[in-house]
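The model shown is predicted, which means the values in this text are computed figures rather than measured ones.
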Amino acid sequence: MKTYRIAFLTCDWNYELVESTLRGLKDYVAEHENVYLRIFDCFGKDQGTEADLSEYAIYGLPDLSQFDGVLVQGNQIVLESARAFVGRMIRDAGIPAVTIDCPMEGCVTIGIDNRQAQYEMVEHLIRQHGVRRMVYLTGMLGNGSPEGQLRLDGFLDACRLNGLREEDVQVVPGSWRTTDGRELAERWLREKKDLPDAFVCANDEMALGLLEAFAERGIFSPDSFLVTGFDNLNSAELSIPRLSTVARDNGELDYYAMDRLIALIDGSEETERILFPTKMVFSESCGCPNKAVPGTIRDRYFHQTRFLKSFHNRQEAMAEEMLAAGGLPELMDTVNAHREIFGCERIWLCVNDWYYDSFDKEQWHDSRSYGENMVLGTCGEAASWPWTDFPRFPRRELLPKEILERERFLMFYPLHYNSYSIGYLALSDISEASQSNLHKSLFNFMEVAFENVRKKCLLRQFNTMLESLSIHDGLTGLYNRVGYERYARATFERLLENEGGVRILFADLDKLKAINDRWGHEAGDEAIRLAAEVLRETCRGDDFLMRYGGDEFLVIASCRETELDQRYRENLDRCCRRDGFPGTVSVSVGSVTAHRGDPDTPTLDDLIRRADVLMYERKRGRRIATAAREVPREDE
């Protein structure tokens with residue numbers, strides 16, 4: 001059987017519309033076993049802020065050339081630049097595409113007749129309820145999506161064709177938000193304007209905001225004015241009064257859109273635009289009888305109440321563990337342990353490899369987009385986890401192949417903190433939390449938890465760095481005086497106990513002043529660094545190595561290292577000749593040994609003093625021997 005790989009791009013700024021849409025798509029996949037649907041959803045707005053752009057980055061996740069077709073919820077993608085980006089992706093991929101209620105180049109448009117639907121609602125107010133003075137609150141205009149303008153045109157058509165005077169009609173710009181309706185009502189009250197016969201709102205969100213604001217001041221519809229909305233959200237059915245609105249079956253519309261897309265893939269002739277029917281819901285807010293379905297409302301309320309109780313208990317437990325996580329692996333395990341809160345059977349948490357490998361922003365390149373590879377941090381049910389570690393896979397595959405081949409319905413959501421991307425979360429089903437718009441709060445909380453872990457780990461790294469700087473010499477990286485006080489005696493006692501004795505070396509560079517005078521102090525510093533590096537390579541990893549003074553070094557090592565001083569001098573000489581260091585770098589070394597059980601075992605300080613004395617005796621002996629060689633004989 002031929003299979004179809006479909007990408008669906010949407011934006012969850014109005015969760016009720018998207019949730020009903022997704023139900024239609026899920027039904028389609030359930031009824032067509034050869035369809036594989038990948039949904040890319042986000043919570044972007046129309047502000048174009050850094051956080052907005054990071055949300056819309058999810059559209060750059062799929063490689064559309066790997067799909068047979070693409071479906072776009074164009075009217076939900078309210079940021080014009082994001083919609084333009086999607087259009088370019090579709091054009092570059094060269095695959096069949098269908099867009100919902102917003103024309104896009106190269107796409108078949110399926111939607112409702114917004115202009116006619118708004119016309120019918122306004123004409124009803126005029127003819128059935130005698131409305132003559134109206135205020136219209138628009139949706140977003142001029143953002144490249146015609147939906148808002150078409151509804152405004154339908155309103156103006158109805159007013160003009162039904163004889164309303166221009167002075168009795170007022171248009172107020174809005175942007176689809178609940179706050180638009182509240183602000184309009186508050187301004188009306190503040191300016192003490194006469195109430196119109198009706199407020200007509202371009203969507204339910206604004207109408208509900210307006211109703212709430214007036215009700216708070218004791219002014220109610222339909223007694224004081226009539227109100228209408230558009231979209232028939234669940235909240236419109238539950239509102240008091242029940243909101244008059246325009247209904248469309250989003251699930252059925254997108255089911256049909258999927259059907260048309262499959263036909264296009266199979267070579268069906270394209271149609272530029274297909275209109276889907278709407279239905280007028282004339283109810284209490286416009287003075288008509290209530291048309292709510294009591295059983296439906298009761299069922300929704302009961303389900304939501306039970307879900308909210310369970311959700312908040314789970315979220316509290318999840319929050320406590322996530323905020324306590326000390327690192328990224330622990331945090332990802334916590335997400336997996338609490339996956340039931342999403343209300344779907346399987347989830348997959350995918351983290352950018354560059355984020356997983358380094359919490360330092362300076363190491364990140366393009367931090368808004370996704371990396372070439374992803375780290376799979378958690379996988380559905382624990383029993384289904386086939387890997388021993390967090391596996392990596394190419395980002396263009398979206399998920400490991402064994403998951404993609406099994407899952408026919410997948411939803412992808414972005415995870416980001418402000419302007420930078422963390423990764424994405426894939427769900428095997430529609431999150432139950434989405435019905436109450438709680439899935440957004442889940443994602444936000446996860447993002448804060450990731451940032452908390454990032455800062456916590458960075459703080460530990462910085463503290464470790466500061467700790468290291470405080471106990472190590474800046475030039476050589478060996479221990480300094482603070483390091484001596486903290487670790488030298490512990491090393492001394494450990495070696496006495498475990499190795500049976502200790503060997504103390506005290507070394508000093510020869511003729512450092514001559515190196516400084518001839519080649520400069522930078523050469524002198526390089527000589528000290530070279531001597532320290534050879535010392536580190538010569539000794540064991542658990543020996544104590546210290547820059548004791550300007551060009552003096554202290555070693556606390558095992559008593560078994562009987563030839564350590566000789567090996568050190570030989571290694572230094574060989575390294576100096578190999579690297580071509582100017583002049584000669586050599587050291588004088590004094591060494592002493594103490595064993596456990598020796599009578600009157602000397603202290604560490606005593607041994608260091610003895611080694612220091614021996615070092616200077618050897619240095620003096622070498623100077624005398626050198627001077628003797630340089631004195632001319634009497635017979636010369």
- Apply side chain to side chain contact (heavy atoms under 4.5 Å, CB included) to Leu9 and Leu71, showing your working. CA-CA 6 Å; Leu9 279 60; Leu71 182 63; over 6 Å; no
Below 3.5 Å, can you tabulate the donor-acceptor pairs from side chains in residues 77-92 to any protein atom, sequence neighbours excluded?
from: Arg83; atom 1: NH1; to: Ile77; atom 2: O; distance (Å): 2.5
from: Arg83; atom 1: NH2; to: Asn143; atom 2: O; distance (Å): 2.4

- Looking at the rings of His439 and Phe43, which for Trp means the six-membered one, are their centres under 6.0 Å apart? yes
- Going through the checks in order, is the side chain to side chain donor-acceptor pair (under 3.5 Å) test met by Asn75 and Glu147? CA-CA 7 Å; Asn75 62 332; Glu147 204 169 31; 3.2 Å; yes
- Message: Looking at Asp168 and Arg132, is any side-chain nitrogen of the basic one under 4.0 Å from a carboxylate oxygen of the acidic one?
- Response: no
- Item | Asp63/Arg395 ion pair, N-O < 4.0 Å | no
- Item | Audit row: Asp197, His129, side chain to side chain donor-acceptor pair (under 3.5 Å) steps and yes/no | CA-CA 9 Å; Asp197 298 332; His129 298 286; over 6 Å; no
- Note on the structure: Tested for ring-ring contact (aromatic ring centres under 6.0 Å, His included) against Phe214, the lone hit among Phe199, Phe220, Trp188 is Phe199
- Query: Of all residues at least two apart in sequence or in a different chain, which pass the ring pair (Phe, Tyr, Trp, His ring centres under 6.0 Å) check with Tyr28?
  - Reply: His32, Tyr255
- Item | Centroid-centroid under 6.0 Å between Phe8 and Phe40 rings | no
- Task: I would like to know whether Thr245 and Asp204 meet side chain to side chain donor-acceptor pair (under 3.5 Å); could you show each step before the answer?
- Result: CA-CA 7 Å; Thr245 184; Asp204 290 348; 2.7 Å; yes
- Message: One thing to verify: whether Arg115 and Asp157 come together as a salt bridge, which I'm taking to mean a side-chain N less than 4.0 angstrom from a carboxylate O.
- Response: yes
- Message: Tell me whether Arg177 is salt-bridged to Glu205, with the criterion being a basic N under 4.0 Å from an acidic carboxylate O.
- Response: no
- Evaluate whether atom CD of Glu167 has more than 12 neighbouring non-hydrogen atoms of other residues, nucleotides or ligands under 6.0 angstrom away. yes
- Message: Walk me through whether Leu22 and Ile39 qualify under side chain to side chain contact (heavy atoms under 4.5 Å, CB included).
- Response: CA-CA 9 Å; Leu22 295 177; Ile39 298 169; 3.7 Å; yes
- Just how far is it from atom CG of Asp113 to atom CD of Glu120, taken to the nearest 0.5 Å? 8.5 Å
- Message: Surrounding CZ of Arg273 (heavy atoms of other residues, nucleotides or ligands, distance under 6.0 Å), is the total greater than 12?
- Response: yes
- Item | Aromatic centroids of Phe155 and Tyr119 separated by under 6.0 Å | no
- Task: Could you check Asp180 against Ser175 for side chain to side chain donor-acceptor pair (under 3.5 Å), going step by step and ending with a plain yes or no?
- Result: CA-CA 7 Å; Asp180 294 333; Ser175 60; 2.9 Å; yes
- Message: For the CD1 atom on Ile240, are there more than 12 heavy atoms of other groups (residues, nucleotides or ligands in this structure) within a distance under 6.0 Å?
- Response: no
- For residues Thr99 and Gln73, determine if any side-chain heavy atom of one lies less than 4.5 Å from a side-chain heavy atom of the other. no
- Message: If you count every heavy atom of other residues, nucleotides or ligands that lies below 6.0 Å from Gln170 atom CD, does the total exceed 12?
- Response: yes
- Could you tell me whether the side chains of Asn114 and Gln118 share a donor-acceptor contact shorter than 3.5 Å? no
- Query: At what distance, to the nearest 0.5 angstrom, does CG of Asn162 lie from CZ of Arg127?
  - Reply: 5.0 Å
- Query: Do Asn336 and Leu349 touch side chain to side chain, with heavy atoms closer than 4.5 Å?
  - Reply: no
- Query: Taking the side chain as C-beta and beyond, is there a heavy-atom pair between Asp231 and Val246 under 4.5 Å?
  - Reply: no
- Message: Tell me if the NZ atom of Lys401 is crowded by more than 12 foreign heavy atoms within 6.0 Å.
- Response: no
- Side chain to side chain, Val70 and Val72, heavy atoms closer than 4.5 Å: yes
- Task: Please determine which of Tyr370, Tyr59, Tyr413 meets the ring-ring contact (aromatic ring centres under 6.0 Å, His included) test together with Tyr424.
- Result: Tyr370
- Message: When you compare the side chain of Leu253 with that of Ile112, does any pair of heavy atoms fall below 4.5 Å?
- Response: yes
- Message: Can you give me the closest heavy-atom contact between Ala207 and Val227, atom names plus distance?
- Response: CB-CG1, 3.9 Å
- Message: Run Arg248 and Asp101 through salt bridge (charged side-chain N to carboxylate O under 4.0 Å, His left out) and show every step you take.
- Response: CA-CA 12 Å; Arg248 61 177 171 189; Asp101 249 340; 2.5 Å; yes
- Item | Minimum side-chain heavy-atom gap Leu211-Ser221 below 4.5 Å | yes
- Message: Can you tell whether the side chains of Arg133 and Asp194 come within less than 4.0 Å, N to carboxylate O?
- Response: no
- Task: Could you pull out the closest heavy-atom pair between Val35 and Met258, with the gap in Å?
- Result: CG1-CE, 3.9 Å
- Message: Using side-chain heavy atoms (C-beta onward) and a distance below 4.5 Å, is Met134 in contact with Pro196?
- Response: no
- Note on the structure: So CG of Asp254 and CZ of Arg260: to nearest 0.5 Å the spacing works out to 14.5 Å
- Does Glu105 CD have over 12 foreign heavy atoms under 6.0 Å away? no
- Query: When rounded to the nearest 0.5 angstrom, what is the spacing between CG in Leu125 and OG in Ser244?
  - Reply: 7.5 Å
- Note on the structure: The reported gap from CZ in Arg408 to NZ in Lys26 (rounded to nearest 0.5 angstrom) is 9.0 Å
- Query: Yes or no on side chain to side chain contact (heavy atoms under 4.5 Å, CB included) for Val135 and Val172, after CA distance, side-chain angles and deciding distance?
  - Reply: CA-CA 7 Å; Val135 174; Val172 178; 3.9 Å; yes
- Should we count CD of Glu33 as having more than 12 external heavy atoms under 6.0 Å? no
- Stepwise salt bridge (charged side-chain N to carboxylate O under 4.0 Å, His left out) test for Asp266 and Lys2: CA-CA 10 Å; Asp266 288 339; Lys2 179 179 179 180; 3.1 Å; yes
- Query: Going by an N to O cut-off under 4.0 Å, is there a salt bridge joining Arg406 and Glu345?
  - Reply: no
- Query: For Glu216 and Arg182, what are the C-alpha separation, side-chain angles and deciding distance, and is it a salt bridge (charged side-chain N to carboxylate O under 4.0 Å, His left out)?
  - Reply: CA-CA 10 Å; Glu216 289 168 4; Arg182 292 194 64 88; 2.8 Å; yes
- Task: May I ask you to establish whether Arg38 and Phe412 are in a cation-pi arrangement, using a distance under 6.0 Å from NZ or CZ to the six-membered ring centre and at most 45° from the ring axis?
- Result: no
- Would one find more than 12 heavy atoms of other residues, nucleotides or ligands at under 6.0 Å from atom CD of Glu191? yes
- Message: Contact between Trp348 and Glu407 at the side-chain level, heavy atoms closer than 4.5 Å - yes or no?
- Response: yes
- Query: How about His124 and Phe282: are their ring centres within less than 6.0 Å of each other?
  - Reply: yes
- Task: Report the C-alpha distance between Ile403 and Glu405 in whole Å, list the side-chain angles of each, state the deciding distance to 0.1 Å, and finish with yes or no for side chain to side chain contact (heavy atoms under 4.5 Å, CB included).
- Result: CA-CA 5 Å; Ile403 298 174; Glu405 291 172 357; over 6 Å; no
